Amino acid sequence: MKAMSHPGRQEMNETDLNMLIHQASIISRNRYKYVSELELDLSPDLPQIPAYGAELSQVFINLIVNAADAIAERKENEPELEGKITISTVENGETVEIRVKDNGTGMSEDVRSKVFNQFFTTKDVGKGTGMGLSLTYNIVSSKHNGTVRVESEPNVGSSFIVILPMDSHQSVADESDVNKSDTCRVPILN
């Protein structure tokens, strides 16, 4: 809770992403514990990176909650399904990759193309605002110069991949990424 208690800080601080993910898994436990197991596969030598810790905590909570909701939805038709969410971290050269993988409903290509749009949701009325992934995208891309992409297959599951630079002035967004179908780049409405 302490990591999330100072939202809106004006400066980045060296941040332990593994700790933020662990804390997010504790905070969101009531959303996943009845539908899935959560496994953390966190690189023990992951370097700290300059980041806004409170905002990244919100990203991780959003991704865990969405994974749990997708598993719960799939379990409605497949009650015997053993839900699983796996969160992994790894250092890749000048970047850090965080992957949140689930075995939920998965998404069609059409849904994947809209998933980061503000107010887009596949949830029933009253169950989702369509803001979680839009905010996630904004926090990662605008505030951290990172990228978010999704890999998904219907009735198999989804993986959300967050890539963050280890240098706060470095951008991991490459112009060639703009045209990739699994990377969503949408304008964020204010």
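Side chains included, hydrogens not; waters and symmetry mates left out as well; all remaining heavy atoms used. Nothing fancy with the numbering, it's 1 onward along the sequence. Everything numeric in this text was worked out from a predicted model, so none of it was measured.
At a threshold of 4.5 Å between non-hydrogen side-chain atoms, the residues Y52 and L56 do not count as touching.
Salt-bridge formation is not detected for the pair R149/E97: no Lys NZ or Arg NE/NH1/NH2 atom is positioned less than 4.0 Å from an Asp or Glu carboxylate oxygen. With respect to R74 and E76, no salt bridge is recorded, no charged nitrogen being found less than 4.0 Å from a carboxylate O. Looking at D41 and R99, no side-chain N of the basic residue comes within less than 4.0 Å of a carboxylate O on the acidic one, giving no salt bridge.
Partners of K84 under the side chain to side chain donor-acceptor pair (under 3.5 Å) rule, at least two apart in sequence or in another chain, are E39. For E80, the side-chain contact (heavy atoms from CB on, under 4.5 Å) partners are E78, not counting sequence neighbours. K75 is linked by a salt bridge (Lys or Arg N to Asp or Glu O under 4.0 Å) to nothing, counting only residues two or more places apart in sequence or in another chain. Every residue two or more places apart in sequence or in another chain that forms a side chain to side chain donor-acceptor pair (under 3.5 Å) with T89 is listed here: N18. Remark: A68 pairs with Y32, V35, I85 by the side-chain contact (heavy atoms from CB on, under 4.5 Å) rule, at least two apart or across chains. Evaluation of the side-chain contact (heavy atoms from CB on, under 4.5 Å) rule for E91 yields L46, P47, M166 as partners, not counting sequence neighbours. Residues satisfying the side chain to side chain donor-acceptor pair (under 3.5 Å) test with N77, not counting sequence neighbours, are none. Taking E82 as the reference, nothing meets the side-chain contact (heavy atoms from CB on, under 4.5 Å) condition, with sequence neighbours excluded. Evaluation of the salt bridge (Lys or Arg N to Asp or Glu O under 4.0 Å) rule for E37 yields no partner, not counting sequence neighbours.
Annotation for I64 and S28: closest pair CG2-OG, 3.2 Å, computed over non-hydrogen atoms. When all heavy atoms of A70 and D102 are compared, the closest pair comes out as CB-OD1, 4.3 Å. For the residue pair L20 and S57, the shortest heavy atom distance occurs at CD2-OG, 3.3 Å. For the pair M12 and K143, the tightest heavy-atom approach, listed with the atom from each and the gap, is CE-O, 3.0 Å.
Within the model, atoms CZ of R29 and OH of Y34 stand 8.0 Å from one another, a figure rounded to the nearest 0.5 Å. With values rounded to the nearest 0.5 angstrom, L133 atom CG is found 6.5 Å from L63 atom CG. The distance from atom CG of L81 to atom CD1 of I71, rounded to the nearest 0.5 Å, is 7.0 Å.
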Which is it for R31 and D69 under the side chain to side chain contact (heavy atoms under 4.5 Å, CB included) test, yes or no, and what are the steps along the way? CA-CA 8 Å; R31 288 298 292 269; D69 289 348; 2.9 Å; yes

Take N62 and V65 through the test side chain to side chain contact (heavy atoms under 4.5 Å, CB included) and record every step on the way to the result. CA-CA 5 Å; N62 288 345; V65 167; over 6 Å; no

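A distance-only check finds no donor-acceptor pair linking the side chain of H144 to the backbone of A51 [under 3.5 Å]. Checking side-chain atoms of S142 against main-chain N and O of I139 turns up no donor-acceptor pair under 3.5 Å. With hydrogens and angles ignored, the 3.5 Å screen pairs a side-chain donor or acceptor of T15 with a backbone N or O of N13. A donor-acceptor pair under 3.5 Å links the side-chain atoms of D16 to the main chain of M19, judged by distance alone.
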Sequence neighbours excluded and cut-off under 3.5 Å, please list the side-chain donor-acceptor pairs for residues 154-164, or say none.
from: S158; atom 1: OG; to: S152; atom 2: OG; distance (Å): 2.7

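If you chain together hydrophobic residues whose side chains sit under 4.5 Å apart, I98 and L40 fall into the same group.
When each of V150, I87, I21, V59 is checked for a side-chain contact (heavy atoms from CB on, under 4.5 Å) with V100, only I87 meets the rule.
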